[in-house]
Amino acid sequence: MGENHMNLWKRAFLYTIRKKGKTLILFLVLSILSTFVLSGLSILSAVQQSALNLRQSVGGSIHLIRDEDNSRNWTYQQAPGGTLVGYTGSPITDHEIEKIMQVEGINAYNGVGDESVFARDFSFISGIQFSERSDYSRLPSVTNSEYYKYFQRGVFQLIEGRHISPEDNNVVLISTALAEKNGLKLGDTLTVQCNYDAGGYPDVTLEIIGIYKSTVDDGQFNTTSTDKRNRLIIDHHAMQEIMMTDTVQFDNGVEFFVNDPENMENIVSEIQKLDLDWDCFKLTVDNSGYKAVASSLTAMQSMITGLITGIGVVSVGILALILHMRVKQRIHETGILVSAGVSKGRIILQYIAETLLISVAAFGLSYFSSSMIAQGTSDFLFDQIAEEQPVIELEAPDDGSEFLDITGKYIPYDTSDMVTPQDIEVRVTGFHLLLVYLLGGCIAVLAVTLASQSVLKMKPKNILTQMN
């Protein structure tokens with residue numbers, strides 16, 4: 001058996017050497033086709049890596065919020081001043097957060113609380129006054145201020161100190177404007193008190209650990225509470241003390257940040273399987289930042305995938321046609337082998353061996369040729385696709401809510417500062433070459449098999465007859 005195999009490869013080698021012209025034609029065809037495939041695989045791999053890097057840098061988030069549309073979660077009670085509305089559904093607490101953080105693909109979270117306070121030993125920047133008790137400001141509590149949307153989207157910029165972390169207790173970030181008005185600096189303290197009419201709330205002292213600059217142009221029509229320069233950003237423990245609550249509750253929801261926005265749908269599906277009170281909670285998804293800058297890469301991925309598939313189909317067709325012609329021209333040789341007792345199966349195996357020998361050399365050459373053209377091809381295709389992609393506008397609702405919202409969810413992305421890919425660095429690797437050898441070898445075997453169907457179907461007597 002070993003000798004037969006040796007004779008098979010020896011005959012295949014001798015035939016390719018003897019038929020130099022035919023061998024050269026097949027070699028060139030295989031080289032060109034494999035260069036296209038190898039370049040395509042290399043470009044696709046580079047695009048996929050660029051897309052992954054971009055997704056991870058821009059990120060995306062899943063927001064767990066109270067389902068305020070469910071009327072069963074609210075109570076309505078008549079009072080002298082009107083109707084008192086109270087939320088009676090399940091609150092979002094650390095219990096829900098712990099469960100969701102176990103889902104694979106989530107790397108961080110930020111919960112946001114919201115209340116209002118009076119300034120006790122300092123002064124807010126005064127705005128429009130409606131009463132003596134209207135000189136207060138809303139303050140968000142956060143788990144990690146670095147993930148707070150006002151900072152994420154550049155509306156607030158930390159210029160001194162550090163961000164709030166989950167371990168902090170009774171700390172605060174203030175604006176440069178508020179610091180200048182009151183002569184405050186890092187390490188100083190300020191005291192606040194909840195502004196609820198019920199009274200009885202304690203004075204709470206907060207240490208300044210960071211000072212931020214607000215890029216919002218606050219005008220003359222702001223009240224004290226809506227002026228972003230008055231925002232006191234605090235930790236949840238401080239909020240718990242201010243409001244005298246037993247547990248930390250995230251009334252404005254919790255935002256969970258994912259490693260890869262492309263997996264958002266699967267992550268949401270896994271979260272929805274958790275044992276949470278879904279009558280009181282719901283999820284919203286934000287991957288608008290990635291969509292705004294990734295359209296070119298997404299389009300290029302689809303195009304390159306289609307090109308590789310198309311090249312593979314065309315390669316089979318071209319090779320089948322060329323090899324079919326080679327088989328027809330070898331009827332005389334085939335008849336001699338059949339008359340000598342060689343089976344048709346072994347004859348087909350010799351054809352396959354000849355093609356594989358030529359393929360090995362052609363695919364090896366394609367490594368060098370594709371290395372020379374892959375980067376240029378990628379640059380050309382990316383430039384063409386980038387020009388055709390429309391600019392995605394991320395709009396904020398124009399209903400006034402962006403001036404009141406404490407979470408920052410209505411702040412649009414400023415796409416002009418986002419890191420967008422200008423080009424794609426392509427590298428042809430040994431792994432890509434191995435794929436071409438495996439894919440090309442399968443295509444070569446398939447093409448030879450298809451081209452040899454006419455021989456397989458012929459009876460030995462007919463083959464000998466066609467020799468004449």
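All residue numbers in this chain count up from 1 along the given sequence. The shown structure was predicted, so the numbers you read here are calculated from the model rather than taken from an experiment.
Ring geometry, Phe151 versus Phe156: the interplanar angle exceeds 60°, so the pair is classed perpendicular (tilted spans 30 to 60°). Note on ring orientation: taking the six-membered ring where Trp is involved, the planes of Tyr150 and Tyr148 are tilted (angle from 30° to 60°).
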Next on the checklist: side chain to side chain contact (heavy atoms under 4.5 Å, CB included) for Asn263 and Val258? Distances and angles first, verdict last.
Outcome noted: CA-CA 8 Å; Asn263 298 329; Val258 303; over 6 Å; no
Item to check | Worked verdict on Ile242 versus Leu139 for side chain to side chain contact (heavy atoms under 4.5 Å, CB included) | outcome: CA-CA 11 Å; Ile242 290 170; Leu139 77 166; 4.2 Å; yes
Next on the checklist: With side chain to side chain contact (heavy atoms under 4.5 Å, CB included) as the criterion, how do Phe256 and Ile97 come out once you've worked through the C-alpha distance, each side chain's angles and the decisive distance to 0.1 Å?
Outcome noted: CA-CA 9 Å; Phe256 296 90; Ile97 293 175; 4.2 Å; yes
Item to check | Verdict with supporting geometry, Ile234 and Val192, side chain to side chain contact (heavy atoms under 4.5 Å, CB included) | outcome: CA-CA 11 Å; Ile234 65 174; Val192 298; over 6 Å; no
Next on the checklist: Let's go through Phe250 and His236 carefully: what are the C-alpha distance in whole Å and the side-chain angles of both, what is the deciding distance for ring pair (Phe, Tyr, Trp, His ring centres under 6.0 Å) to 0.1 Å, and is it a yes or a no?
Outcome noted: CA-CA 9 Å; Phe250 306 93; His236 294 303; 4.7 Å; yes
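At a threshold of 4.0 Å, the pair Glu96-Lys99 does not count as salt-bridged, since none of the basic side-chain nitrogens sits closer than that to a carboxylate oxygen.
A distance of 7.5 Å separates CG in Leu232 from CG in Leu206, rounded to the nearest 0.5 Å. Rounded to the nearest 0.5 Å, atoms CD1 (Ile65) and NZ (Lys282) are 4.5 Å apart.
Formation of a donor-acceptor pair under 3.5 Å by the Asn110 side chain with backbone atoms of Glu255 is not found in this model. Within the 3.5 Å criterion, the main-chain N or O of Ser225 finds no donor-acceptor partner in the side chain of Asn230.
With a 6.0 Å radius and a threshold of 12 heavy atoms from other residues, nucleotides or ligands, Arg427 has its CZ atom at or below the threshold. At most 12 heavy atoms of other shown residues, nucleotides or ligands fall within 6.0 angstrom of atom CD in Glu265.
Under 3.5 Å, the side chains of Thr35 and Ser369 contain a donor-acceptor pair of N or O atoms. Checked by atom type, the side-chain pair Asp277/Ser90 shows a donor-acceptor distance below 3.5 Å.
With sequence neighbours excluded, no residue forms a salt bridge (charged side-chain N to carboxylate O under 4.0 Å, His left out) with Asp121. Scanning for side-chain hydrogen bond (donor to acceptor under 3.5 Å, both in side chains) contacts around Glu167 gives Ser165, with sequence neighbours left out.
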In a table with atom names and distances, give each donor-acceptor pair under 3.5 Å that connects a side chain of residues 306-313 to protein atoms at least two apart or in another chain.
from: Thr309; atom 1: OG1; to: Thr305; atom 2: O; distance (Å): 2.9

